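Atoms considered below: every heavy atom in the structure, side chains included; atoms not considered: hydrogens, waters and symmetry mates. From a predicted model like this one, the values you see are computed outputs, not experimental measurements. Quick note on labels: first sequence line is chain A, next is B, and so on, each numbered from 1.
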Amino acid sequence: MHPKGWMIMTGNLRSVVESLIFVAEAPLSLDRLSSILEEHERSEIRAVLEELLAEYELSGRGIVLVEVAGGYQFRSRPEHADYLKRLSRTRPPKFGQSSLETLAIIAYRQPITRAEIEYLRGVDCGGILKTLLDKKLIKILGKKDVPGRPLIYGTTREFLELFSLKNLASLPTLKEIQDLVQPPIYEEQGELPLTVSAGGEETGE
Amino acid sequence: MHPKGWMIMTGNLRSVVESLIFVAEAPLSLDRLSSILEEHERSEIRAVLEELLAEYELSGRGIVLVEVAGGYQFRSRPEHADYLKRLSRTRPPKFGQSSLETLAIIAYRQPITRAEIEYLRGVDCGGILKTLLDKKLIKILGKKDVPGRPLIYGTTREFLELFSLKNLASLPTLKEIQDLVQPPIYEEQGELPLTVSAGGEETGE
Amino acid sequence: MINPQQDSSSLFDDSHGLGYQVHVEAFEGPLDLLLHLIRKNEVDIYDIPIAAITRQYLEYLELMKELNLDVAGDFLVMASTLLQIKSRLLLPVQAEEEGGEEEEEDPRAELVRRLLEYQKYKEAAQQLELLPLLGRDAFVRARDLTELKELQTADESPEVELFDLVEAFRRVLADLPVQTFHEVGSEQINIADRINAILTLLQERKGVTFEDLFTEVTTRDYLIATFLAVLELCKLKMVKITQAGSFGAIWITSAVLDSADASEGVDDHDW
């Protein structure tokens, strides 16, 4: 029993947290939950979230609790996608190779300018950037502190939500590819010029 | 074991039904469920629904399964309504189209008078200006030295913070956005780091 | 350094007629095409036989033209890069003057780095696509439950992005009658930009000198826009201009925000 009688009891707190996550329009962060449930310790809420995560993980239910975009959200179990498609709610999102490549580069290299993206891809990316901006998967972060002050881009919360990512750190690890066919003969090249150019790291922020 | 081997097993069927109800836009009726899960007997689905109802009833969870409007739907537990209300109380600023347009005009054309804003938008903006002033996103910069001495408006530091802008010069220009969709000019490709580095090593930034 | 011509007769032997079409569509750009050629020829990426690869690359562009496909400029740029590398490889190594570094970088090195880097992100893109995609693999609860409408909430991050702001402005301008559009056209925006920049500067510090305004870029248009911006701000009585002595620096200070700040020296210039 908690000293303050008016507080929600632990079992009930879990139920309240469940309701809040269910009703919220977007993934609900621990910060936000703590400010809504101000009577409770952050640590207490965190413990409840851990419990819920474990519980849903084990249950095999059709609803799963995921950590995504810095928050918690209920989603349908991905294995059931084929059945859910039959509800025909909306057309599933589809990406061309070029959009995916551009998104990947921005995700891993942000903040990044258009010129840097185009150097990496070897093709013009203006149209794709515009589309990704329209879809809110990327955003303008500001301008880079270099001559010409080019715009710099980064990914959005919507990007994380779309790809079910908890945060940017949970992006799949970039594989260093040394060779395509045969083992490399030369020792590894040093700094990429790219790293140098992106390495003026003070992006205007 | 069910005669048809390709069917979902019962435990899994429950999970699929749960997913379907969760994702559906409206209460899902037994009829609709049966037609979506055509591989399964109606009676089988009905049994699964009964199981689910009983399970949610007992669980005391934050999500409840209700029979409503001839179908099944998940809802938040009604007893938690007070907590759920707090979600909307802590709602962040949201922009309507007209507020955003007005704010954009002020940002890009400051210092600007109300008459000038209204000329650009073609509608009265008094109410919106008041709201933006209240939210401290714009401020009165002074009075314009023309007959009537109208107030002139500009954006605030809070405006910069909202958009994570370092300063007003970091606002992307229209041209920068339009350039994204313009076809590329190949002459400019000459400045690619590639060409530069073919001669030396510095990457052209 | 030049590799023996290990030409595998033609790269496209295995794809006849319509088969080409498939290939054409498959390449995302020149780097993608080059990676394909390198794999196809089973050559070492660190020792690309430039002559052979270049020839195949050009063959491919030729093919695109024959098929009436747009050979994008990006492909042509790469073609010229390849030819450049090829000709540099043909130069005798000690052609550089004696002071040069002992070991010239392989002319192909930059290209190799780009290819490996590109390959890395190409792979990453494939990884991304395997993640559970919202709306394809996983779904969230439908949002239009009327009973919960008033309880619905937005996320804590601001609902608006910078891009929305520019787009809103663009929309406003696009909706204006054509004539008016010209009035608010490009040159004026430059002045507005400069006004914004000056106002920002004045938010950051008490005053700036006239010269401070011209440090960044010095094109003629920029000078004019800046000058007009200062005039406009003066007209609006938003800045105060003072000069220390006849040849001293001209100072611009904010007239609105700190009215208490009485200025000595020459008073408001009437520009």
Quick check: does any side chain N or O of B:S76 sit under 3.5 Å from a backbone N or O of A:S19, one acting as donor and the other as acceptor? no

Just verifying a value: how many Å separate A:I63 CD1 and B:F74 CZ, rounded to the nearest 0.5 Å? 4.0 Å

Here the gap from B:I36 atom CD1 to A:K85 atom NZ, rounded to the nearest 0.5 Å, amounts to 14.0 Å

Salt bridge present between A:R114 and B:D179 (N-O < 4.0 angstrom): no

Which bit of B:L28 is near chain A, if near means a heavy-atom gap under 4.5 Å: side chain, backbone, both or neither? side chain

What residues form a side chain to side chain contact (heavy atoms under 4.5 Å, CB included) with B:V123, not counting sequence neighbours? B:R121

Spell out, as yes or no, whether a donor-acceptor pair under 3.5 Å connects the side chain of B:R14 to the backbone of A:G62. no

Side chain to side chain, A:N12 and B:H80, heavy atoms closer than 4.5 Å: yes

Is it the case that over 12 heavy atoms from other parts of the model lie below 6.0 angstrom from the CD atom of A:E57? no

Taking B:K166 for the side chain and A:G142 for the main chain, is one N or O donor matched with an acceptor at less than 3.5 Å? no

Would you say that A:R77 contacts B:V16 through its side chain, given a criterion of any heavy-atom pair below 4.5 Å between the two side chains? no

When rounded to the nearest 0.5 Å, the distance separating OH of B:Y83 from CG of A:L13 is 8.5 Å

Mind checking what makes side chain to side chain contact (heavy atoms under 4.5 Å, CB included) contact with A:S59, not counting sequence neighbours? A:R61

State, with a plain yes or no, whether a side-chain heavy atom of B:F22 is found less than 4.5 Å away from one of A:F22. yes

Going by side-chain contact (heavy atoms from CB on, under 4.5 Å), A:I140 matches just one of B:L171, B:I177, B:L165. Which one? B:I177

Atom NZ of residue position A:K130 - does it have more than 12 heavy atoms of other residues, nucleotides or ligands inside 6.0 Å? yes

Between atom CZ of B:R86 and atom CG of A:L20, what is the distance when rounded to the nearest 0.5 Å? 8.5 Å

State the OG1-CG distance between B:T173 and A:L151, to the nearest 0.5 angstrom. 7.0 Å

Tell me, for A:L133 versus chain B, whether the close heavy atoms (under 4.5 Å) come from the side chain, the backbone, both or neither. side chain

